[in-house]
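Notes to accompany the following structure.
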Amino acid sequence: GGSGGGGTGATGDNNATSGTANTGSGGGGTRVSSGATNTARTGAGGSGIVIVRYQSGTQKASGGQVVSSGGYYYHTFTSSGTFNTTPSYVAKATGGTVNTDGSYWYHTFTGSGTFTPNQSLTAEALVVAGGGGGGAAYGGGGGAGGFRTATSLSMTASAYTVTVGA
């Protein structure tokens, strides 16, 4: 394979490996050796990735997986998607992984972080707790995590701490 994460080549009837996903790397090739039946498969090329970055204090666009770091916003696309700069398509808050279905904005936190509305808004929340671990030997299975919902949460344009795993 190449230095960009390409797939490993193969000889004989062994299959080559595919390139690494979301890197644009090439797939491994094959070489038929003497006496081989030539049934080996070449590796597929790795899929591409698009990352859009802009410097801003607030999010100016939607689309892809959105994160903010060091004064920049990054929109990462690992499959087809739309990068939209129309104001109505921009989230009214930052924090977590931001997605939209066109009607609602979803901020998903899988680790601790900060949720910060850019303006006063009313929100809904769903919190799902982690489940318990199972017992060893003759122990039973772990219990499911709990959940809580909240509607009509009045929020102001300030930072709200989100804690996951405590």
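Legend: residues meeting side chain to side chain donor-acceptor pair (under 3.5 Å) with Ser158, ordered by chain and number and at least two apart, are Thr156. With sequence neighbours excluded, the residues forming a ring pair (Phe, Tyr, Trp, His ring centres under 6.0 Å) with His75 are Tyr54, Phe83, listed by chain and number.
Closest of all the heavy-atom pairs between Ser112 and Thr163 is OG-CA, 3.5 Å. Of all heavy-atom pairs spanning Phe147 and Leu126, the tightest one is CD1-CD1, 4.1 Å. The minimum heavy-atom distance between Pro117 and Ala93, with the atom names listed, is CA-CB, 3.5 Å.
Side-chain atoms of His107 come within 3.5 Å of backbone N or O of Gly95 as a donor-acceptor pair. No donor-acceptor pair under 3.5 Å is formed between the side chain of Thr114 and the backbone N or O of Tyr160.
To the nearest 0.5 Å, atoms OG1 (Thr149) and CD (Glu124) are separated by 9.0 Å. Atom CD of Gln59 sits about 6.0 Å away from atom OH of Tyr73, to the nearest 0.5 Å. For the atom pair OG1 (Thr78) and CD1 (Ile49), the distance works out to 6.5 Å, reported to the nearest 0.5 Å. The OG1 atom of Thr116 sits 9.0 Å away from atom CE of Met155, with the distance rounded to the nearest 0.5 Å.
Val98 and Tyr74 fall into different hydrophobic clusters, where Ile, Leu, Val, Met, Phe, Trp and Tyr are joined by side-chain heavy atoms under 4.5 Å apart, directly or via other members. One hydrophobic cluster, built from ILVMFWY side chains closer than 4.5 Å, cannot hold both Val52 and Tyr72; they sit in different ones. Taking hydrophobic clusters as Ile, Leu, Val, Met, Phe, Trp and Tyr residues chained together by side-chain heavy-atom distances below 4.5 Å, Tyr106 does not share a cluster with Val66.
The side-chain heavy atoms of Thr94 and Asn118, taken from C-beta on, include a pair separated by under 4.5 Å. Using a 4.5 Å heavy-atom cutoff, the side chains of Thr110 and Val164 are not in contact.
Between Phe109 and the choices Val127, Val162, Thr97, the side-chain contact (heavy atoms from CB on, under 4.5 Å) rule is met once, by Val162.
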